[in-house]
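First the structure, in the form of structure tokens, and then the observations on it.
Not measured: the values here are computed from a predicted model. Protein chains get the first letters and strands the later ones, always in sequence-line order, with residue 1 at the start of each.
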Amino acid sequence: MTIDIPFIWVAFKEIIKALPITLILTIVPLLAGFLIGIVVALVRIYKLKYLYRIANGYVSFFRGTPIIMHIMVIYFGFPLLLDQISLRFDLGLQTNNIPIILFVLIALTLAAGSYLSEIIRSGIISVSNGQLEAAYSVGMTKFQAMIRIILPQALAQSIPNFTNIFVGFLHTSSIAFLVSQKEVTGAANIVASVNLKFLEAFIAAGIIYWGITILVEGISFLLEKKVTAYNRGGVS
Amino acid sequence: MIYLKGIKKSFNQLPVLKGINLKIEKGEVVTILGPSGSGKTTLLRCLNFLEKPNAGLVQIGNIIVDAEKATKKEMLAIRKQSAMVFQHYNLFAHKTVVENVMEGLIVAKKVKKKDARQQSERVLDKVGLSDKLDHYPSQLSGGQQQRVGIARALALNPEVILFDEPTSALDPELVGDVLSVIKSIAQEGITMVVVTHEMSFAREVSNRVLFMDEGVIVEEGTPLEIFHAAKEERTRRFLQRISGETYFLPLKEQVN
């Protein structure tokens with residue numbers, strides 16, 4: 001078996017067309033998951049009645065099971081559930097018309113929410129109690145103190161962790177090809193099968209993932225430098 | 001005016017305050033002395049409900065709160081009557097010096113941003129930091145940070161400023177700076193309650209000195225009365241231990 005180096009470029013050009021889908025599958029779940037994460041983190045920190053147990057269960061389940069399983073269960077389970085509901089209430093829903101990407105996005109969002117909630121929670125806990133007391137002492141409510149004092153510091157400190165999660169989810173989005181979503185890995189698989197050049201196609205896909213990762217790490221580094229400038233001391 | 005009646009506080013069944021009664025008039029500067037574990041910091045924190053007393057009545061200005069059934073709203077109201085200067089400064093780490101001072105004005109007092117900035121700059125000028133407005137706390141020395149802490153409290157123009165060992169975390173050479181700022185505020189007639197180990201400060205600045213031990217106020221009086229004619233044995237023992245001069249007096253006599 002030989003390696004067809006020029007074909008890597010051919011494959012690259014073909015596969016990169018699927019990059020937007022990969023980015024959607026990464027960014028949308030992380031943004032939606034971020035909102036879930038903040039709510040879940042606050043519920044768990046303040047131990048809100050009942051909700052607290054639900055939040056615990058949610059985090060435990062989604063962190064305790066592989067993401068590929070979430071995608072499968074939601075992809076096969078959701079249409080079944082919707083069909084049942086539709087039948088009972090005579091809604092006339094056509095689950096076949098729901099784009100597959102929606103199921104994948106829901107699964108990834110739920111997973112992202114559980115991972116991000118733990119990052120946000122640890123960020124909040126890492127802000128010293130003195131900050132909260134100072135906020136109270138100038139007359140802030142709990143909510144004002146959280147929004148204006150605690151969360152900004154917690155999130156700034158969590159940037160390296162957010163980057164980790166981003167990179168992780170960028171790569172995890174490749175699972176979506178199992179339910180025939182044509183993202184980068186799916187596209188590579190198609191190019192590979194059609195031309196029977198697997199090595200070349202997946203090398204091309206690898207270059208794309210690596211390139212995006214390097215880019216994101218660079219942005220994260222600059223962002224972190226900017227938003228944690230307050231913490232570094234020294235006279236500017 | 002501050003009025004405390006029957007303040008009790010326990011941590012895990014360990015009583016720390018055993019029924020404190022206290023009245024502080026407007027404009028008074030009161031220092032609280034006492035050995036560590038005597039409950040003086042807890043008493044100060046009970047005043048603004050950073051620690052919620054188990055029982056008792058707290059009044060600051062015209063807000064009266066029964067600690068046993070204090071609601072969040074009441075606690076907030078009483079906090080807005082006071083401001084606190086912390087041992088470890090507790091400046092908002094992600095905000096610049098001037099933003100630290102503005103924060104309370106904007107959020108709790110609903111002052112417009114422009115006015116808040118003006119007021120903050122004025123107060124920061126008073127504590128000698130008008131050249132550090134846009135620095136972050138991490139770029140300042142301990143003494144400078146504590147002066148920002150004082151400015152933050154002062155800007156709120158509260159009924160009372162609570163000082164929780166404001167100089168104990170500072171390098172000895174920076175203590176003087178901070179004390180002189182506190183002194184100058186005291187002379188403006190702002191009510192202050194100061195927990196401190198700085199005996200010279202208590203002697204020179206305060207109108208009244210409280211000596212606490214084991215969760216009760218053992219003795220109170222003017223600095224003169226406490227430092228030179230303490231009635232209680234416990235007070236005398238404490239002062240003797242803490243003041244270097246008297247401690248070394250017998251030694252000096254021996255040497256001579």
Side-chain angles (χ1 to χ4, degrees), chain A residues 38 41-43 45-49 51 119-162 220 222-236, chain B residues 44-45 47-52 72-73 75-97 99-110 131-132 134-141 144-145 148-149 152-156 158 161-164 169:
Chain A
I38 286 194
L42 291 179
V43 164
I45 283 175
Y46 289 128
K47 304 212 155 115
L48 297 183
K49 262 186 224 159
L51 280 181
I119 288 177
I120 294 166
R121 195 169 70 95
S122 74
I124 290 172
I125 291 170
S126 78
V127 177
S128 88
N129 204 31
Q131 296 285 313
L132 189 65
E133 289 187 348
Y136 286 158
S137 82
V138 300
M140 285 192 206
T141 62
K142 211 176 200 175
F143 181 73
Q144 287 167 333
M146 186 48 82
I147 296 292
R148 297 186 66 100
I149 306 298
I150 307 295
L151 268 183
Q153 294 182 48
L155 296 182
Q157 284 170 20
S158 305
I159 285 178
N161 286 331
F162 288 138
S220 152
L222 294 177
L223 188 69
E224 192 198 343
K225 208 165 145 183
K226 193 166 149 48
V227 298
T228 58
Y230 66 81
N231 236 344
R232 262 192 306 281
V235 178
S236 58
Chain B
L44 200 68
R45 290 163 61 85
L47 267 168
N48 67 351
F49 281 80
L50 281 185
E51 233 45 275
K52 194 175 164 208
K72 276 182 192 161
K73 218 170 145 189
M75 277 156 60
L76 188 67
I78 212 150
R79 276 185 194 138
K80 286 188 179 181
Q81 299 286 310
S82 66
M84 193 167 209
V85 175
F86 295 88
Q87 183 176 4
H88 297 289
Y89 334 130
N90 294 3
L91 299 182
F92 303 131
H94 62 309
K95 298 203 173 274
T96 61
V97 166
E99 285 170 348
N100 260 281
V101 182
M102 288 162 65
E103 195 64 17
L105 289 173
I106 294 173
V107 181
K109 298 223 145 179
K110 312 277 182 232
D131 55 334
K132 305 279 185 205
D134 296 317
H135 284 57
Y136 285 105
S138 62
Q139 299 169 324
L140 303 179
S141 72
Q144 289 167 335
Q145 288 192 49
V148 178
R152 178 170 70 181
L154 203 53
L156 295 167
I161 302 183
L162 311 169
F163 291 83
D164 181 13

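- Using a 4.5 Å cut-off between heavy atoms, His94(B) touches chain A through backbone and side chain atoms alike.
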Let's go through Leu76(B) and Thr141(A) carefully: what are the C-alpha distance in whole Å and the side-chain angles of both, what is the deciding distance for side chain to side chain contact (heavy atoms under 4.5 Å, CB included) to 0.1 Å, and is it a yes or a no? CA-CA 7 Å; Leu76(B) 188 67; Thr141(A) 62; 3.5 Å; yes
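- For Leu91(B), the part lying under 4.5 angstrom from a heavy atom of chain A is the backbone only.
- Contact count against chain A (heavy-atom pairs under 4.5 Å) is highest for Glu103(B) among Met84(B), His88(B), Glu103(B).
- Taking all atoms of both residues into account, the shortest heavy-atom contact from Phe86(B) to Ser137(A) is CE1-OG, 3.6 Å.
- When heavy atoms are compared at a cutoff of 4.5 Å, Lys109(B) does not approach chain A at all.
- In terms of heavy atoms, Gly139(A) sits closest to Ala108(B) at O-CB, 3.5 Å.
- The CZ atom of Arg45(B) lies 4.0 Å from the CD atom of Glu133(A); values are rounded to the nearest 0.5 Å.
- Using a 4.5 Å cut-off between heavy atoms, Phe92(B) contacts chain A through both its backbone and its side chain.
- Val107(B) is not listed as a side-chain neighbour of Val138(A), based on a closest heavy-atom distance of 4.5 Å or more.
- Note that CD of Gln153(A) is 9.0 Å distant from NZ of Lys95(B), once rounded to the nearest 0.5 Å.
- Looking at Ala156(A), neither its backbone nor its side chain comes within 4.5 Å of chain B, counting heavy atoms on both sides.
- Contact annotation for residues 119-132 of chain A against chain B (heavy-atom separation below 4.5 Å, listed by residue number): Gly130(A), Gln131(A).
- Separation of atoms CD1 (Ile106(B)) and CD (Gln144(A)) is listed at 11.5 Å; rounding is to 0.5 Å.
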